[in-house]
Amino acid sequence: ILLACLVGPAACSPDTAAAAEDDEVRALKLKLWQKGKECHECRSVSDFEAAVAGARFDPVWHLRGGCDEKEMHCGVHAPDLDMLVAKLGPAFGKAIDDNVADHAKDCAKSCETFYCGPGPKRTIESTHFANYSMGDVPPEDFSSAFRFPLDLIKVTGDAHPLFTREECAEVVAAAESEDVHLNEYVSGKYKLGGDWMYNLPKTLEWFNRNLKEKIFPTLAVLFPEVISGPEVLRAHSVAMLKYNNTHPRTDVHVDNGIIALTLALSPSENYEGGGTFFEHMGDEPLPMDAGHATFRPGSVRHGGHTVTRGERYIIGAFILIEDKVEHVRRLNGRGRDARNRNTKEGNAEAMQYFSWGLEMNPTCVTCLKNWGEVLMAEERYSEAEAKFRAATDLTPRDSDGLYNLGGVLKAQGKVDESIETYYRSLEINADDWELCYNLGVALGDQQRFKEEATMYKKALAINPKHAKAWGNLGIALASSGSLEESVEPFTKACELEPTNGQAWHNLAKTLTFLKRGVEADAARARAAALGVGGAPRPVAVVNDVEDF
């Protein structure tokens, strides 16, 4: 849709923005969405009618996110907090009160660093946005406010960036003068370059000015369902990130706010690879050159693609809404904190929080996955399987949900089904080294050694410092008769984990079979000094060089 205005509340009301797309177009978009399709080039009713006609023989995705073709809200209703307090008791009521208090603190803290206040009185230049569906289920908070087909991923059009390339270059230069390029931190399984915006005062000044002038007014127009105006928006967490070949990518993840944004600062010719992708849409990143932005619900799963050459800078920000508390997200956060205590009492408390999240939103996939992980840690495998299956029924293209399901199936001895599920996850996220490693272990259990070795090689291409993967690769190769080829991975395992006596034992035995006696004796001595087996290996690693 072409937004007629990006303005403060005096110049453009949410009602005007909402009216930009009429019910007829939305109904046609829903018909396409139900068949797993979108038409981003469609601009008129006739365009959408033609697209629907072209898809008339395609199968309908029944119960996609619990929605059928005739519904617009798909069965997710606004929670009645008073009713839930009466049903769930005072402990739930206290958690809700705590959420409200923590939300107020977070909003107040945001205003200490970032701009808070009304948007501009003048009209801002019109910007054209492409709209993409966020998938099968609505945002986990305020889900009843959003209408299907959930075209809530908003990307600036090619000809309408929020900022010029020249301005973006100036922002990067200012941040580099503040040493943003010298810092790094861990995010999930990967290291990222960059720093928090509050550590970059020059860049922060520019960002705050544009929160007021552009970003907050834009968000108020794009998401009138939940944002009453720019004055209620709070920048919760903001960072400038740098991707390069040593800090190449992120995990697939969700963001810690109801709304999130990514602002691209580097021109596309400065790097190869890279870009923001959304898991349910495949692994192709959305086009977003310097000055362009993506605005989206925080609960949509996405990631940063691998940069193979050059540098890519972005700004990422999570946004809170001052007059709306994200109870489901905060209940999930309290559950994770309780689970991380690693006690029986903490696990029980965690599952209570996750169950409350599901009471507020039965389609909360994060609640189901978190609950399943606690059950799995307690070895309540059949219950965990039920939670993971419920999650993957709602979001079939969630690689984490399938990964968890594959793990719990393997724990129950359902190895064939586990392998099938791991492969389904791999089709969605081929760059997850933990997934490749665990799939290799499951294949080894089935003595499918060549496939097992392939998976370890994939894992090591992503994470070459994974000692257990090197060791298991050696075992897989040796088990399939490739003794000469197994020496290098066994040696790598010893180099990366020199206190693992089992790794030295595996190397010694292989060298003995190859009649390389001096080297074998040296490795055997290292194993003996470490008690031969060394520290116990993870339960998942069941293969051993004894097998060949």
Side-chain angles (χ1 to χ4, degrees), residues 184-192 246-248 251 339-343 373 376-377 379 403 407 410-411 431-445 447 449 452-548:
E184 69 175 18
Y185 59 95
V186 175
S187 175
K189 295 191 285 285
Y190 300 94
K191 285 185 178 179
L192 299 180
T246 60
H247 303 84
D251 290 320
R339 179 186 63 190
N340 290 340
R341 298 205 301 266
N342 294 317
T343 65
E373 287 174 3
M376 190 168 179
E379 300 183 359
Y403 172 83
K410 184 176 184 300
D431 292 331
D432 187 330
W433 60 263
E434 288 183 335
L435 168 59
C436 294
Y437 173 79
N438 281 312
L439 176 52
V441 171
L443 290 164
D445 286 352
Q447 298 189 351
F449 299 126
E452 178 190 13
T454 297
M455 286 300 110
Y456 295 142
K457 288 176 181 178
K458 282 180 175 287
L460 290 165
I462 304 163
N463 179 14
K465 295 185 178 181
H466 191 340
K468 292 295 187 294
W470 282 113
N472 277 15
L473 174 58
I475 293 168
L477 292 169
S479 298
S480 61
S482 301
L483 290 179
E484 287 282 1
E485 192 180 349
S486 73
V487 173
E488 181 185 0
F490 280 141
T491 302
K492 282 279 193 183
C494 294
E495 291 172 355
L496 290 168
E497 204 171 48
T499 60
N500 186 337
Q502 184 66 52
W504 289 104
H505 172 73
N506 291 343
L507 177 59
K509 190 166 185 180
T510 304
L511 292 168
T512 298
F513 284 138
L514 293 171
K515 303 186 184 308
R516 292 162 61 173
V518 175
E519 296 168 272
D521 287 344
R524 191 173 295 108
R526 293 291 297 268
L530 293 164
V532 183
R537 293 191 292 170
V539 173
V541 186
V542 296
N543 293 321
D544 191 278
V545 79
E546 299 285 344
D547 294 338
F548 67 83

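Keep in mind the model is a prediction, meaning the values are calculated, not measured.
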Taken to the nearest 0.5 Å, the spacing of Lys465 NZ from Lys492 NZ works out to 10.5 Å
Heavy-atom nearest pair, Lys458 first then Cys436, reads CB-SG, 3.9 Å
| Within a strict 4.5 Å, meaning less than it, do heavy atoms of the Val487 and Arg516 side chains meet? | yes
Nearest heavy-atom approach of Ala467 to Ala493 is O-CB, 3.7 Å
d(Lys457 NZ, Ile462 CD1) to nearest 0.5 Å is 14.5 Å
When rounded to the nearest 0.5 Å, the distance separating CG of Leu496 from NZ of Lys468 is 10.0 Å
>> Using only atom types and a distance under 3.5 Å, with no angle test, would you say the side chain of Asn463 pairs donor to acceptor with the backbone of Ala459?
In response: no
Item checked: Neighbour count >12 (heavy atoms, 6.0 Å) for atom CD, Glu488 -> no
>> Using side-chain heavy atoms (C-beta onward) and a distance below 4.5 Å, is Phe490 in contact with Ile475?
In response: yes
Margin query: Can a side-chain donor-acceptor contact be found between Glu434 and Asn438 if the only test is distance below 3.5 angstrom?
Written below: no
Looking only at heavy atoms, the pair that brings Cys494 and Leu507 closest together is SG-CD2, 4.0 Å
* Asked: Does a side-chain heavy-atom distance below 4.5 Å link Arg526 with Pro498?
  -> yes
Heavy atoms of Asn472 and Val441 approach each other most closely as ND2-CG2, 3.8 Å
When rounded to the nearest 0.5 Å, the distance separating CG of Leu435 from CE of Met455 is 8.5 Å
When every non-hydrogen atom of Ala453 is compared with those of Leu477, the smallest separation belongs to CB-CD2, 4.2 Å
**CA sep, side-chain torsions, deciding dist, call: Thr512, Arg524, side chain to side chain contact (heavy atoms under 4.5 Å, CB included)** = CA-CA 10 Å; Thr512 298; Arg524 191 173 295 108; 2.5 Å; yes
Heavy-atom closest pair (Pro464 atom, Trp470 atom, distance to 0.1 Å) is O-NE1, 2.8 Å
OG of Ser486 to NZ of Lys509, rounded to nearest 0.5 Å, is 12.0 Å
Test item: Ser479 side-chain N/O and Ala476 main-chain N/O as donor-acceptor pair under 3.5 Å: no
Q) Is the backbone N or O of Thr499 less than 3.5 Å from a side-chain atom of Trp504, with the two atoms forming a donor-acceptor pair by type? A) no
Practice item. If the plane angle is over 60° it's perpendicular, under 30° parallel, otherwise tilted; pick one for Tyr437 and Tyr456. Key: tilted
